[in-house]
> 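Pasting a structure here, questions to come.
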Amino acid sequence: SLIMYVLQPFSIDSAPSTRGSGYQYPTPGFVIFKKLDMHDFCEVKDLGNDAFPDMGYPDTYWCSMLSDQTDVICIGCRDGSSGMLLGLITVAPDGLAFLPASQRGGDVAMLFNYYGTCAYITSLCVHPCYRKLGFARQLIHRACGELRRLSSPATLLFLHVADDNVGAVRFYERTGFSHYATIPSYYKPRASHANLSDTALVFALPLSCGRDQSKTSSSTKVPSFMDRTSSFLSSLKMPAINLPFR
């Protein structure tokens with residue numbers, strides 16, 4: 001099991017609560033990052049419901065994330081004193097094998113063609129009362145560390161996020177991810193809510209073996225539309241063409 005202790009260098013002694021006024025939830029003095037399994041199911045399910053109230057993930061989804069220790073990496077972030085589960089990340093080291101066929105086409109197919117092995121973040125969530133304290137970034141960092149230890153490490157990490165989830169979009173941009181593609185009608189559970197978008201944005205982050213993902217060179221970027229098109233044509237062994245647009 002992966003266990004890490006991180007002292008929190010924050011001057012505040014509590015985190016803002018969304019369930020009332022004032023500061024009601026103490027900021028942890030230290031947190032523990034540890035792999036999760038089926039013994040953590042109830043806590044994981046509750047955290048998922050709190051973090052994604054509009055998605056309606058069934059219990060079977062969290063079961064599959066926790067029970068498949070070979071094809072999914074699942075790391076949790078706990079309060080070192082109380083043991084409360086504050087956040088979690090689940091990553092499929094081989095996104096091509098993990099995603100259903102209906103989600104592997106189009107721009108995503110070009111992503112696999114360009115980078116080869118691509119890891120996929122299936123979920124990343126932090127309890128609403130403990131956000132903006134750096135836990136999500138730490139979870140991504142730990143997951144990248146686990147990916148680098150694999151015999152065939154991924155060269156890119158990508159994910160889907162709702163286009164109206166402004167906070168998450170800004171977080172991924174600040175963490176070094178680049179917007180790669182836009183997929184309409186992706187989030188079916190959200191389609192029934194008139195005020196929620198069902199459009200997904202694909203964000204991707206190139207990974208460099210042995211380097212901190214947050215310090216990846218700015219010159220290493222996700223391929224542009226022109227790059228992706230040229231790469232796709234090359235994979236089909238077709239002659240290159242001059243596209244009439246920029």
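Keep in mind it's a predicted model, so treat the numbers as computed, not measured.
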> Flag the pair Ser185 / Asp198 as yes when at least one side-chain heavy-atom distance between them is below 4.5 Å, and no otherwise.
yes

> Just how far is it from atom CZ of Arg148 to atom CG of Leu150, taken to the nearest 0.5 Å?
11.0 Å

> Can you tell me how far apart OG (Ser152) and CG (Leu147) are? Round to the nearest 0.5 Å.
12.0 Å

> Find out whether Leu36 and Leu66 are in side-chain contact, i.e. whether some heavy atom of one side chain is under 4.5 Å from a heavy atom of the other.
yes

> Between the side chain of Ser82 and the main-chain N/O of Met84, is any donor-acceptor distance below 3.5 Å?
yes

> Begin from the C-alpha positions of Arg149 and Glu146 and carry the test salt bridge (Lys or Arg N to Asp or Glu O under 4.0 Å) through to its verdict.
CA-CA 5 Å; Arg149 294 186 182 94; Glu146 288 294 297; 2.7 Å; yes

> Is the closest side-chain heavy-atom distance between Lys34 and Ile75 below 4.5 Å?
no

> For Thr199 and Thr182, what are the C-alpha separation, side-chain angles and deciding distance, and is it a side chain to side chain contact (heavy atoms under 4.5 Å, CB included)?
CA-CA 7 Å; Thr199 298; Thr182 300; 3.5 Å; yes

> Could you list the donor-acceptor pairs under 3.5 angstrom formed between side-chain atoms of residues 85-93 and any protein atom two or more places apart in sequence or on another chain?
| from | atom 1 | to | atom 2 | distance (Å) |
| --- | --- | --- | --- | --- |
| Thr90 | OG1 | Thr122 | OG1 | 2.3 |
| Thr90 | OG1 | Ser123 | N | 3.2 |
| Thr90 | OG1 | Ser123 | OG | 2.4 |

> I'd like to know if the side chain of Tyr180 reaches the main chain of Asp107, judged simply by a donor and an acceptor atom lying under 3.5 Å from each other, with no hydrogens or angles considered.
yes

> Output yes when Asp40 and Arg78 qualify as a salt bridge under the 4.0 Å nitrogen-oxygen rule, no when they do not.
yes

> Taking all non-hydrogen atoms of both residues, which atom of Ala154 and which atom of Ala119 are closest, and how far apart?
CB-N, 3.5 Å

> So, do Phe203 and Phe177 have ring centers that fall under 6.0 Å from each other?
no

> Apply side chain to side chain contact (heavy atoms under 4.5 Å, CB included) to Tyr114 and Leu111, showing your working.
CA-CA 5 Å; Tyr114 192 96; Leu111 198 63; 5.8 Å; no

> Atom SG in Cys118, atom CZ in Phe98: separation rounded to 0.5 Å?
14.5 Å

> Report yes if some heavy atom in the side chain of Asp163 is under 4.5 Å from a heavy atom in the side chain of Val169; otherwise report no.
no

> Do the non-hydrogen side-chain atoms of Phe52 and Leu47 ever get within less than 4.5 Å of each other?
no

> Are side-chain heavy atoms of Met38 and Cys63 found at a separation under 4.5 Å?
yes

> Kindly write out the residues that satisfy ring-ring contact (aromatic ring centres under 6.0 Å, His included) with Phe41, not counting sequence neighbours, or none if the list is empty.
none

> Taking side chain as C-beta onward, heavy atoms only, is Val108 less than 4.5 Å from Gln103?
no

> Between Trp62 and Lys45, what is the shortest heavy-atom contact and its length?
CD1-CA, 4.1 Å

> What side-chain donor-acceptor pairs closer than 3.5 Å can you find for residues 155-162, not counting sequence neighbours?
| from | atom 1 | to | atom 2 | distance (Å) |
| --- | --- | --- | --- | --- |
| Thr155 | OG1 | Tyr115 | O | 2.6 |
| Thr155 | OG1 | Thr117 | O | 3.3 |
| His160 | ND1 | Tyr120 | OH | 2.8 |
| His160 | ND1 | Tyr186 | OH | 3.3 |

> Is the shortest heavy-atom distance from the side chain of Asp37 to the side chain of Cys74 under 4.5 Å?
no

> Side chain to side chain contact (heavy atoms under 4.5 Å, CB included), that's the test. Do Arg137 and Arg174 meet it? Break it down for me.
CA-CA 10 Å; Arg137 184 184 293 268; Arg174 290 195 303 268; 4.2 Å; yes

> Could you walk me through whether Thr175 and Ile140 pass the side chain to side chain contact (heavy atoms under 4.5 Å, CB included) check?
CA-CA 9 Å; Thr175 308; Ile140 291 176; 4.3 Å; yes

> Do you know the tightest heavy-atom contact between Cys77 and Leu139?
CB-CD2, 4.0 Å

